[in-house]
Amino acid sequence: MNAEQLRAKTADELKDELMSLRKEAFNLRFQRANGQLENTARVRDVRRTIARIKTIMRQRKAAGAAK
C-alpha cells in the first residue's frame, strides 16, 4: 500500500490497518523462525508499510498541534 492510499484513510482506519499489520509481522517472524516462510519479501513490505502509517499519523498529529 502506498502513502497516497494511506493518506486517504481516516485515523481510525489507519489504526486498524496498523494493528493488522503488526499481527501479520508477528506471524511472519514466527514463520521465519520455524523455516516456514515462503515469501521473504513480505516481511520487508510489512515493516515499511507500518513505518508509512506511523509517519502519516505523526504528521497529522503535528499538523493538528500547529493549528
Worked check of side chain to side chain contact (heavy atoms under 4.5 Å, CB included) between Met57 and Leu18: CA-CA 10 Å; Met57 291 172 72; Leu18 182 61; 4.3 Å; yes
Heavy-atom neighbours of Gln5 CD exceed 12 at 6.0 Å: yes
What is the distance from atom [atom1] of [X] to atom [atom2] of [Y], rounded to the nearest 0.5 Å?
X: Arg32; Y: Thr40; atom1: CZ; atom2: OG1; value: 9.0 Å
X: Glu13; Y: Leu6; atom1: CD; atom2: CG; value: 10.5 Å
X: Arg48; Y: Ile53; atom1: CZ; atom2: CD1; value: 15.0 Å
X: Lys23; Y: Leu28; atom1: NZ; atom2: CG; value: 14.5 Å
X: Thr49; Y: Asn2; atom1: OG1; atom2: CG; value: 9.5 Å

Evaluation steps, side chain to side chain contact (heavy atoms under 4.5 Å, CB included), between Thr55 and Arg52: CA-CA 5 Å; Thr55 299; Arg52 282 187 192 103; 5.7 Å; no
Lys9 vs Met1 side-chain heavy atoms within contact, under 4.5 Å: yes
Atom of Ala25, atom of Ile50 and distance for their closest heavy-atom approach: CB-CD1, 4.4 Å
Full working for side chain to side chain contact (heavy atoms under 4.5 Å, CB included) between Leu14 and Arg60: CA-CA 11 Å; Leu14 285 175; Arg60 288 183 181 176; 3.4 Å; yes
For Glu24, all residues meeting salt bridge (Lys or Arg N to Asp or Glu O under 4.0 Å), sequence neighbours excluded: Arg42
Partners passing side-chain hydrogen bond (donor to acceptor under 3.5 Å, both in side chains) against Arg7 (at least two apart in sequence or in another chain): Gln59
